[in-house]
Amino acid sequence: MSVYTRFLIPTFIVFFIILLSYNYIEVQAVDYKTQQNQIHRYISKLEKADAKLDRQILRMDSWYFSNYDNVNLVYKEYFNILDKPPLLPEALKDTVPKIKRSLKAKHVLIEKLKSSNAILRNSVNYLPELVNVVDLDIDVALGKGEINLKQASQLRHSVQNIVFHGVTRQLISRVNVKPDLTPPIQIPSPLLEKSWYDMQKHIEVLIKYKQRDEDLTVQLENAQLSGQLETLNILFAGHLLSLEENQKLQKWWLIGYFLVAVVLIIVLFLAVRYYRNQHSVHRLESLTDPLTGLGNRRKLTEQIPVYLAKARQNDDTVGVLFIDLDGFKSVNDNMGHKRGDQLLQEISANMQASLRQNDLITRIGGDEFVVVIPCASASNLRRIAQNLISICTIKVDYMNKELNVSASVGVSCFPDDTRRPNELLEFADKAMYQAKLNGKSCIAFYIDI
Amino acid sequence: MSSCFTWRVFPTLLIFITHSVVLRLLAINLAIFSSLSFAHQEAAITPVTWPDSITPQMLLGKQLFFDVKLSKDNQSSCATCHQFDKGGSIPVDRPFMFNGEKTRYNSTSIFNLNQDYVLGWLGHISTAQDQLNRLMSGKNVMGLSWSELVSKLQADAQYVASFKKVFNAPISMGTITRAIVSYENALVTPAPFDRYMLGDESAVSADVLEGYDLFQRYGCIACHQGRNVGSNLLQKIGIVIPFQPIGKALSVADLGRYNFTNKPQDRQVFRVPGLRNIEKSGPYLHDGSIAELSQVIKLMGTHQLGRDIPQSDVNLIEIFLQSLTGKVHPDLLP
């Protein structure tokens, strides 16, 4: 795995995470929006229910009234709505239970209003018949001679006063004066007395419940919930505002995160690149011989197995030439290291130039070189070795003296000599030693010793 | 909000009345006024109809309702105190419970439960679910607690299978309640008078219509109205003339809603009973103290309306009330 792919994967992951978090915020925003819509709908549902309930209460005292089922139903609906609020934000949490409590309190009043309304309704309904009954009984008493005409007229006048001035005035204009219900005269007729008594009782009931009706109406006016719904609305608007700000803030944060991530990625990228450069330079250095620019021993030990593996694959051969310069020490001793180094550089360059692209030449010691040559027959190896010896064979003039440099070469072959990489080098070394024994400046094959 | 809208119409009618005009004219004017203000009362009673469809849930509820397994001694079911041929009630003043005591009040009808209003004589039961819960957790009505009932039913493979099929859920307090309540709520009893209200003129006799007229004119309609001809309103018994139970002192139970709220104004306050199937569901009143319907009608006239209703009118009103006797959907019968 290259360093770059190693670097690319975390980069992708980082971008992916940023993408996900952006997506998350967006989804959250959508969630918020549906939640808001829900709350909006909820509040308008409450408002509608509240208006409906108030309308039903109003209706009880009007002639659109039919029965109490409607007000019960509307109350129940209202209560159920309050019972099942949607998910509410913290700021709104208290309001719904509060409204519910107020509604319950209002319901107590509604129940009372219903009760008194029914009786009041009934009493008003009965009023004409009441008057009729008394009127008829006055007629009867008159017929029986229990009262005279004047008394009859007095009684009638009194009924009229009671009903007109007393009752109807109360009904029309909230005047709260108790009418005088006592009969204007001592009533001699038991029948008439009973009906008068009935009338008294009925009108008392009527006045009592009318009064109650009015009180309750005032109390209900004070118990209206619209104020609380308004508060809920205002709180919700405030909540929306803060939510919006919050969201804006969140987006800014995200942009911040994004920029930081980009910077981090760039820094990482640069760091990786720097590291890689450093690494390759270092690697090259560690594998080359600084003096000659050839490969060093490390390169050799690293490369031999590579060559062998390739040869094994292709059923090929690999030859290893161990070259040791003869007479180089005297050059060094007589002419100084500087000249020796110069000589080494020349020889190295020449040897390198004589070899093929695929061949490997390394300097593994002061005057020791190893050349690895793939795909070569023994005769070829011999020829190459010969050639290398001739490259190394140099005469140097020094103070009228001739210093002779040449080379001894030991050759080992894969796979004929051995199949093991380290033995291959060892055998070539041994062969080179043999070549030295054989008189230097010559070639020895391991196979021959 | 002004409650005086209606009453304000008065002056326009009364302008024509002067001091010298006879009372009869006043009466006529008042009659016009009240017929104007209460002309709507055609809709004071509204018709009921059978449920649109009978669901498996209802049928499971039916099975439970009639099953004596619901009591500890396997002696009584819900139907013991809520008999179908007795208007959903039981023909005793107060039935005996599992614990050997009598219930506090006369059994209310199981038919035509008001789903939008409180239940029970005192209006102390918030819903049918609440009622069942009270009945079970009290343990004294049928002797079983919820957990005992659940495990008793779980031992019955047929119930386990039915609940699985209907609710796709095990037997529990919740599913039992849902089944029974859905059944109860389906127990609606359309009657001949409903058919009349829905336009079938021949559904009721002329006497019924006359009785209905009296029912309205005497003012029964003020309290007994709506879908169930009652059961949607709280009222004191003894509005005009204080009510004293016949032949006994006022007991704690007779104080009615006061027992629930502890408020003095709730003394002798009861939920106005619905009058559907009233013909069958005697004895009457909260304590079941009155056996005859005609007697209750008279009593209502005296105590609630302050009027003596002559026997002929009582008979007609009774005939009207009889036309409110209806039938449960045949599939919901036991």
Side-chain angles (χ1 to χ4, degrees), chain A residues 54 57-58 60-77 111-115 117-132 134-135 138 156-157 159-160 163-164 168 170-174 198 201-202 205 209-210 213-214 216-217 220-221 224, chain B residues 1-11 14 17 19 21-24 26-46 114-117 123 216-219 221-223 225-228 232-236 239-241 265 269 272 304-307:
Chain A
D54 278 349
I57 293 171
L58 214 68
M60 270 192 236
D61 274 338
S62 83
W63 52 53
Y64 295 110
F65 174 83
S66 53
N67 57 52
Y68 300 107
D69 283 353
N70 290 332
V71 65
N72 290 345
L73 177 70
V74 169
Y75 170 75
K76 177 114 178 181
E77 276 172 2
E111 281 301 316
K112 284 188 189 163
L113 183 70
K114 273 162 64 185
S115 304
N117 174 271
I119 294 162
L120 180 61
R121 179 172 294 283
N122 201 16
S123 301
V124 174
N125 219 358
Y126 184 43
L127 214 50
E129 206 153 337
L130 199 65
V131 175
N132 236 347
V134 178
D135 191 33
I138 291 174
R156 285 211 166 97
H157 204 80
V159 171
Q160 193 186 337
V163 175
F164 180 51
T168 58
Q170 290 232 350
L171 291 175
I172 299 155
S173 56
R174 304 196 179 184
D198 271 358
K201 242 181 7 210
H202 271 283
V205 167
Y209 282 91
K210 174 62 198 162
D213 193 89
E214 264 167 27
L216 286 168
T217 308
L220 272 165
E221 252 165 62
Q224 282 206 31
Chain B
M1 196 178 356
S2 164
S3 71
C4 280
F5 183 54
T6 304
W7 325 123
R8 291 238 163 87
V9 185
F10 237 143
L14 292 176
I17 303 174
H19 272 286
V21 171
V22 285
L23 278 183
R24 201 149 302 198
L26 175 58
I28 291 167
N29 266 292
L30 287 170
I32 294 170
F33 161 66
S34 59
S35 72
L36 253 183
S37 43
F38 300 107
H40 57 276
Q41 283 200 346
E42 299 310 327
I45 298 176
T46 47
N114 193 331
Q115 292 175 43
D116 306 322
Y117 198 61
Q216 296 184 49
R217 289 230 317 266
Y218 278 112
I221 197 85
C223 297
Q225 34 63 53
R227 183 176 171 273
N228 288 345
N232 59 5
L233 178 70
L234 299 169
Q235 279 297 357
K236 190 183 161 96
I239 293 277
V240 184
I241 294 175
Q265 70 263 30
V269 168
V272 175
Q304 303 299 68
L305 299 166
R307 304 173 71 174

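Only a predicted model underlies this, so the values are computations on that prediction, with no experimental measurement involved. Here is the naming used below: chain letters follow the sequence lines, and residue numbers restart at 1 for every chain.
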Pairwise distance OG(A:Ser115) to CD1(B:Ile239) - rounded to 0.5 angstrom: 7.5 Å
A:Tyr68: partners by ring pair (Phe, Tyr, Trp, His ring centres under 6.0 Å), with sequence neighbours left out: A:Phe65
Euclidean distance, B:Asn228 CG relative to A:Asn67 CG, rounded to 0.5 Å: 10.0 Å
Flag, side chain of A:Asn122 to backbone of B:Ala222, donor-acceptor distance under 3.5 Å: no
For B:Gln304, side-chain hydrogen bond (donor to acceptor under 3.5 Å, both in side chains) partners two or more places apart: none
Most contacts with chain B, counted as non-hydrogen pairs under 4.5 angstrom, among A:Val205, A:Ile119, A:Asn70: A:Ile119
Minimum-distance pair of heavy atoms, taken over all atoms of B:Gln115 and A:Lys76: O-NZ, 3.1 Å
Side chain / backbone / both / neither for A:Lys114 at chain B, heavy atoms under 4.5 Å: both
Inter-residue atom distance A:Glu111.CD - B:Leu234.CG, 0.5 Å rounding: 4.5 Å
Side-chain donor or acceptor of A:Asp69 paired with backbone N/O of B:Arg227 under 3.5 Å: yes
Side chain to side chain, A:Arg121 and B:Gln225, heavy atoms closer than 4.5 Å: no
Residue A:Tyr209 versus chain B: region with a heavy atom under 4.5 Å: side chain
